[in-house]
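Some notes on the structure that comes next.
We use all heavy atoms of the structure for the numbers below, so side chains are in, but hydrogens, waters and symmetry mates are not.
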Amino acid sequence: VLLLTHLQAKEFDLSTSKGTDQEVIELLTPAPAQTDVGRNVSIKAKFNTALDPEHVKKNDIWLKRINPDVRQIDASIHYDQNSQSITLQPQELLEEGIYEVTYQSLKAIKSQKEHQIKEIKYRFAVPHMIDGHVLPPKPDMQVNDSTIAGIDANDNGVRDDIEWWIYTKMDILKYSKAERLIAMDWGRSVQMMVTNPQSAKMIHNTVRKPLYCFYYYKFTYLYQYPVDYTIFNHEFKDIAFNTKERQEAYNQYDSSLSGTLITMGRIHPDQCSFDIDAVIEEAKR
């Protein structure tokens, strides 16, 4: 399995671009630095000025994959005069990775020669997917572990290394979609604990919701889906609290609850961040 690696490293920085803010550009698809591009993407650049077709040449417009390996992608080039847009169509489904598209030597038609078009170059990512779930770019662990919060590129509240571990581990072990989503809820709780240990008493009820969601799943669907506790045991904690700073933050969170009366929460589906019954019903179809 190919993985996106070292995305945070400078040489593979998705934000690297050139000439993308020119006034002559109406639209770039995919957008610069987009991280959820599909494998069958059509790459387009739309302009507000007519281009000289003689200067829309294949040798001046190309797509290359720059990570995890470097290679040029064979693609057809088409310029539509009515829409004033260039379409670069890859001749294959794109594999997971980081790509760079380049447009150079473009010129407006003679009657609009006052419009100068500089070189355009930008990057986008085709992500890894597991059962329809789009994973964020796999983080550089040195960067990820340099802060307690780590990297959450898709801003879903789960640290990216935890999200990768949940989905790749559960895919190998054939966990259900519901179990994966419960684990993701645990991932959000982990993030709350390590980034807000001083607020333990305030957030404790929220942090414990995945536990009651798990109990609901266990007690309601035990005979249909035998529950495997592996994903929620020490291995998960080792991934979640994988640095000294994160472990200390968790210890601080735990210590802050000292003397607090902890009552059992409701074992109810609304403790889940998703409609667990609907997810399970969908899986039966």
In terms of side-chain heavy atoms, does Gln252 have a donor or acceptor partner in Asp254 at a distance below 3.5 Å?
no
Run Asn251 and Gln247 through side chain to side chain donor-acceptor pair (under 3.5 Å) and show every step you take.
CA-CA 6 Å; Asn251 292 342; Gln247 185 62 56; 3.1 Å; yes
Just so I know, are the side chains of Pro139 and Val143 near enough to count as touching, which here means a heavy-atom distance under 4.5 Å?
no
Using the six-membered ring wherever Trp is involved, compare the ring planes of Tyr250 and Tyr253 and label them parallel, tilted or perpendicular (cut-offs 30° and 60°).
parallel
Donor-acceptor check, side chain of Asp185 to backbone of Ser273, threshold 3.5 angstrom: yes or no?
yes
Could you check if a side-chain atom of Tyr79 sits within less than 4.5 angstrom of a side-chain atom of Leu106, using non-hydrogen atoms only?
no
In terms of heavy-atom contacts, Lys201 and Ser256 come closest through CE-O, 3.1 Å
Worked verdict on Ile43 versus Thr29 for side chain to side chain contact (heavy atoms under 4.5 Å, CB included):
CA-CA 6 Å; Ile43 300 160; Thr29 305; over 6 Å; no
Any donor-acceptor pair under 3.5 Å linking the side chain of Thr20 with the backbone of Ser17?
no
If you define the side chain from C-beta out and look only at heavy atoms, does anything of Thr206 sit under 4.5 Å from Met192?
yes
Would a single hydrophobic cluster contain both Met141 and Val158, if residues Ile, Leu, Val, Met, Phe, Trp and Tyr are joined by side-chain heavy-atom contacts under 4.5 Å?
no
Hey, does the side chain of Glu163 reach the backbone of Asp160 with a donor-acceptor pair shorter than 3.5 angstrom?
no
Closest non-hydrogen atoms of Val134 and Pro127, given as atom of the first, atom of the second and distance, are CG1-CG, 3.4 Å
Start with the C-alpha distance between Tyr216 and Asp277, add both sets of side-chain angles, then the distance that settles side chain to side chain contact (heavy atoms under 4.5 Å, CB included), and finish with yes or no.
CA-CA 10 Å; Tyr216 174 79; Asp277 296 316; 2.8 Å; yes
Run Tyr167 and His133 through ring pair (Phe, Tyr, Trp, His ring centres under 6.0 Å) and show every step you take.
CA-CA 9 Å; Tyr167 273 88; His133 178 81; 3.9 Å; yes
Give a yes or no on whether a salt bridge exists between Asp131 and Arg180, defined as a side-chain N under 4.0 angstrom from a carboxylate O.
yes
Atom CG of Asn40 and atom CG of Leu94: how far apart are they, to the nearest 0.5 Å?
8.5 Å
Asp52 side chain to Lys107 main-chain N or O, any donor-acceptor pair under 3.5 Å?
no
How close do Ala108 and Thr49 get, heavy atom to heavy atom, and via which atoms?
CB-OG1, 3.9 Å
State, with a plain yes or no, whether a side-chain heavy atom of Gln72 is found less than 4.5 Å away from one of Trp62.
yes
Below 30° counts as parallel, above 60° as perpendicular, anything between as tilted: where do the rings of Phe124 and Tyr99 land?
parallel
Interatomic distance, OH@Tyr212 vs SG@Cys272, rounded to 0.5 Å, equals 13.0 Å
Check whether any side-chain heavy atom of Thr102 sits under 4.5 Å from a side-chain heavy atom of Ile61, and report yes or no.
no
Near Glu114 CD, under 6.0 Å, is it more than 12 heavy atoms from other residues, nucleotides or ligands?
yes
Taking Arg71 first and then Glu92, would you say they form a salt bridge - that is, a charged N and a carboxylate O separated by under 4.0 Å?
yes
Pair Lys57 + Asp60: basic N to acidic O under 4.0 Å
no
Within this structure, what is the OG-CZ distance for the pair Ser15 and Arg123, rounded to the nearest 0.5 Å?
8.5 Å
Nearest heavy atoms of Pro90 and Ile73, plus distance in Å:
CB-CG2, 4.1 Å
Is there side-chain contact between Asn242 and Arg159, with heavy atoms separated by less than 4.5 Å?
yes
Hydrophobic clustering (ILVMFWY, side-chain heavy atoms < 4.5 Å, transitive) - are Met129 and Met184 grouped together?
no
Thinking salt bridges, do Asp145 and Arg246 make one under a 4.0 Å N-O criterion?
yes
Search all heavy atoms of Leu28 against all heavy atoms of Ala45 and return the closest pair with its distance.
CD2-CB, 3.7 Å
Ion pair check, Glu95 and Arg39, cut-off under 4.0 Å
no
Report yes or no: does Gln89 contribute a side-chain atom to a donor-acceptor pair with the main-chain N or O of Thr87 at less than 3.5 Å?
no
Other cluster members, Leu27 - Ile/Leu/Val/Met/Phe/Trp/Tyr, side-chain contacts below 4.5 Å:
none
When rounded to the nearest 0.5 Å, the distance separating OG of Ser85 from NZ of Lys44 is 6.5 Å
Between His115, Gln116, Lys118, which is the residue that forms a side chain to side chain contact (heavy atoms under 4.5 Å, CB included) with Gln22?
Lys118
Interatomic distance, NE2@His268 vs SG@Cys213, rounded to 0.5 Å, equals 11.5 Å
Group every Ile, Leu, Val, Met, Phe, Trp and Tyr by side-chain heavy-atom contacts under 4.5 Å, then state whether Val194 and Leu211 land in the same group.
yes
In Å and rounded to the nearest 0.5 Å, what is the CD1 to CD1 distance from Ile25 to Ile117?
8.5 Å
Which heavy atom of Gly38 sits nearest to which heavy atom of Val126, and what is that distance?
O-CG2, 4.3 Å
Are the side chains of Asn144 and Asp140 in touch, meaning some heavy atoms are under 4.5 Å apart?
no
Does Asn67 reach the main-chain N or O of Asp69 with its side chain, forming a donor-acceptor pair under 3.5 Å?
no
Give the cluster check for Val190 versus Ile239: same hydrophobic cluster or not, with ILVMFWY residues linked at side-chain heavy-atom distances below 4.5 Å.
yes
Parallel, tilted or perpendicular: ring planes of Phe219 versus Tyr215, cut at 30 and 60 degrees:
parallel
Taking Ile109 as the starting point, is it possible to reach Val24 by hopping between hydrophobic residues whose side chains are less than 4.5 Å apart?
no
Indicate yes or no: does Lys58 engage Asp74 in a salt bridge with an N to O separation below 4.0 Å.
yes
Can you check side chain to side chain contact (heavy atoms under 4.5 Å, CB included) on Phe274 and Ile182, steps first, answer last?
CA-CA 9 Å; Phe274 59 99; Ile182 293 171; 3.9 Å; yes
Just wondering, more than 12 heavy atoms not from Gln91 lying within 6.0 Å of its CD?
yes
Can you check whether Trp186 reaches Leu181 side chain to side chain, under 4.5 Å on heavy atoms?
no
Answer yes or no: is there a donor N or O on one side and an acceptor on the other, between the side chain of Glu179 and the main chain of Ser176, under 3.5 Å?
yes
Check: Glu245 side chain, Ile148 main-chain N or O, donor-acceptor pair, under 3.5 Å
no
Donor-acceptor pair, distance only, cut-off 3.5 Å: does the side chain of Asp152 make one with the backbone of Asp155?
yes
Taking the side chain from Lys46 and the backbone from Ser83, do they hold a donor-acceptor pair closer than 3.5 Å?
yes
Taking the basic N atoms (NZ, or NE/NH1/NH2) and the acidic carboxylate oxygens, is any pair closer than 4.0 Å for Glu235 and Lys169?
yes
